[in-house]
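Each ligand, and each atom within it, is numbered from 1 in the order the structure gives.
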Amino acid sequence: MFIDTHCHLELHRYGDELPFVLQRARDNGVARMVAIGSGGTLATCEEAVRLAEAHPDIHAVIGFHPHEASAFDFDAAQGVAEFAEHPRVVAVGETGLDYHYAFSPPVVQEDAFRQQIEIARMVGKPLVIHNRESDEDCIRILQDSPAGSVGGVIHCFTSGWDLAKVALDLGFYIGFTGIVSFRNGEDVRDVLRRVPQDRIVIETDSPFLAPVPHRGRRNEPAWVVDVARAVADTLGLSLEEVARITTENACRLYRLPDIEPSGSLTA
Ligand SMILES: [Zn+2]
Ligand SMILES: [Zn+2]
């Protein structure tokens, strides 16, 4: 049994294939999918919430991605704060910093990030943090904000050990994608080997970053199993051990109800 802790399932990404995408995940033993409703509008947040309302095995995360930080105005902040209270919403995000693309100016990204940390603190839910080529500022913000009081995950980790260390010290989990399976993913595998096993979670970040042997195709949650296999190979563990460890970690991270071996909800 596996949990895809981070996937983008909006209709514009999968169209009317979505039911088949979800079914293939279930057939592959994916017991939970965490849908990130983090586009540049409240409509994307709402879409993730509706998906989570319709499917007991889907939970939602809502927020504004750093790419869209410029759109995070007063109304957006109000809307995110309201959605964040929804019982099917398990975290706030993805928020954070992305200086690789820098679609929004860094100061604007930082402001939206800090506001969403504050929303997470207010509703008492964890954060899903995106960081790309902005390690120094991310470390500074994590350390001088209340982020550590709610914790969360640094998803699709591609940063250096300095950020991993600070995040781990603050109680965060580290999310690994198909990059672990890439030939050029050695830096990420190095970090993976150093992260305590009780802090590792796996994700597809669908529809992006399809793992080997699907690399280059549109990714989907069923292939979180291939991410788990790459993690198992890297750590010298069995696939079953990685499934068990990462499922337990994901349940703790997002405070999901326990999952019975049948995959049904216990709470
Ligand atoms: Zn991201
Ligand atoms: Zn994402």
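Electrostatic pairing of Asp226 and Arg229 counts as a salt bridge here, judged by a charged N lying under 4.0 Å from a carboxylate O. A salt bridge is defined here as a Lys NZ or Arg NE, NH1 or NH2 lying under 4.0 Å from an Asp or Glu carboxylate O, and Glu46 with Arg50 meets this definition.
Judged as a salt bridge (charged side-chain N to carboxylate O under 4.0 Å, His left out), and not counting sequence neighbours, the contacts of Asp144 are Arg114.
The Zn ion (ligand 2) has no N, O or S atom of Cys7 inside 2.8 Å of it.
Taking the six-membered ring where tryptophan is involved, the planes of His155 and His6 are essentially parallel, since the angle between them stays under 30° and well short of 60°. Between His67 and His65, the angle of the ring planes lies from 30° to 60°, which puts this pair in the tilted group.
For the Zn ion (ligand 1), the set of protein N/O/S atoms nearer than 2.8 Å consists of Glu94 OE1, His130 ND1, His155 NE2, ordered by chain and number.
Hydrophobic clustering, with ILVMFWY side chains joined whenever heavy atoms are under 4.5 angstrom apart, groups Val166 together with Ile174.
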